[in-house]
Amino acid sequence: MTYVYKPKGVCSREFEFELEGTKILSVKITGGCSGNLRGISRLITGKDINEIIEALEGVTCGFKPTSCPDQIAKALIAYRSTL
């Protein structure tokens, strides 16, 4: 299943996940810090969303109350609520 999420308060503009149940098959991130987000995408591919939510939720960026990793967690929480 494809799940698209528009993050808020960060440089990234869109997250597009391919998921099978709670497993992340792939993720494409538009905008943001390219190298960091490609690295995060590789690290979370193949993992269970619950593991990723636990690891990334609450991560901040500088003085911002959120970050791209935190927004990934929020996206996966929103997706999980549809299951």
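In what follows, residues are counted from 1 in the order of the sequence shown.
Around CD of Glu54, the count of heavy atoms belonging to other residues, nucleotides or ligands within 6.0 Å does not exceed 12.
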Please step through side-chain contact (heavy atoms from CB on, under 4.5 Å) for the pair Glu18 and Ile24, ending with a clear verdict. CA-CA 6 Å; Glu18 278 300 322; Ile24 301 168; over 6 Å; no
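Within the 3.5 Å criterion, the main-chain N or O of Gly58 finds a donor-acceptor partner in the side chain of Asp70. With Gln71 contributing its side chain and Lys8 its backbone, the two residues share a donor-acceptor pair below 3.5 Å. In this structure, the side chain of Ser12 does not engage the main chain of Cys68 through any donor-acceptor pair within 3.5 Å. A distance-only check finds a donor-acceptor pair linking the side chain of Lys47 to the backbone of Leu43 [under 3.5 Å].
With values rounded to the nearest 0.5 angstrom, Lys6 atom NZ is found 9.5 Å from Glu16 atom CD. To the nearest 0.5 Å, atoms CD1 (Ile52) and CD1 (Ile72) are separated by 9.0 Å. Between atom CG of residue Leu76 and atom OG1 of residue Thr22 there is a gap of 10.5 Å, rounded to the nearest 0.5 Å.
The minimum heavy-atom distance between Ser41 and Ile29, with the atom names listed, is OG-CD1, 3.6 Å. Of all heavy-atom pairs between Phe17 and Ala75, the closest is CE1-CB, 3.7 Å. Contact between Cys11 and Lys64 at its shortest, heavy atoms only, is SG-NZ, 4.3 Å. Arg80 and Ile49 get closest at one heavy-atom pair: CB-CD1, 3.8 Å. The shortest heavy-atom contact between Thr45 and Ser26 is OG1-CA, 4.0 Å. Between Arg13 and Pro7 the shortest heavy-atom distance is O-CD, 3.4 Å.
No chain of hydrophobic side-chain contacts below 4.5 Å, direct or via other Ile, Leu, Val, Met, Phe, Trp or Tyr residues, connects Leu25 to Ile53. Taking hydrophobic clusters as Ile, Leu, Val, Met, Phe, Trp and Tyr residues chained together by side-chain heavy-atom distances below 4.5 Å, Val27 does not share a cluster with Val10. Ile44 and Val59 are assigned to two separate hydrophobic clusters, defined by single-linkage of ILVMFWY side chains at heavy-atom distances under 4.5 Å. Residue Tyr79 is grouped with residue Ile77 when hydrophobic side chains (ILVMFWY) are merged at heavy-atom distances under 4.5 angstrom, including chains of intermediate members.
The aromatic rings of Phe15 and Tyr5 sit parallel, their planes meeting at an angle under 30°, below the 60° perpendicular limit.
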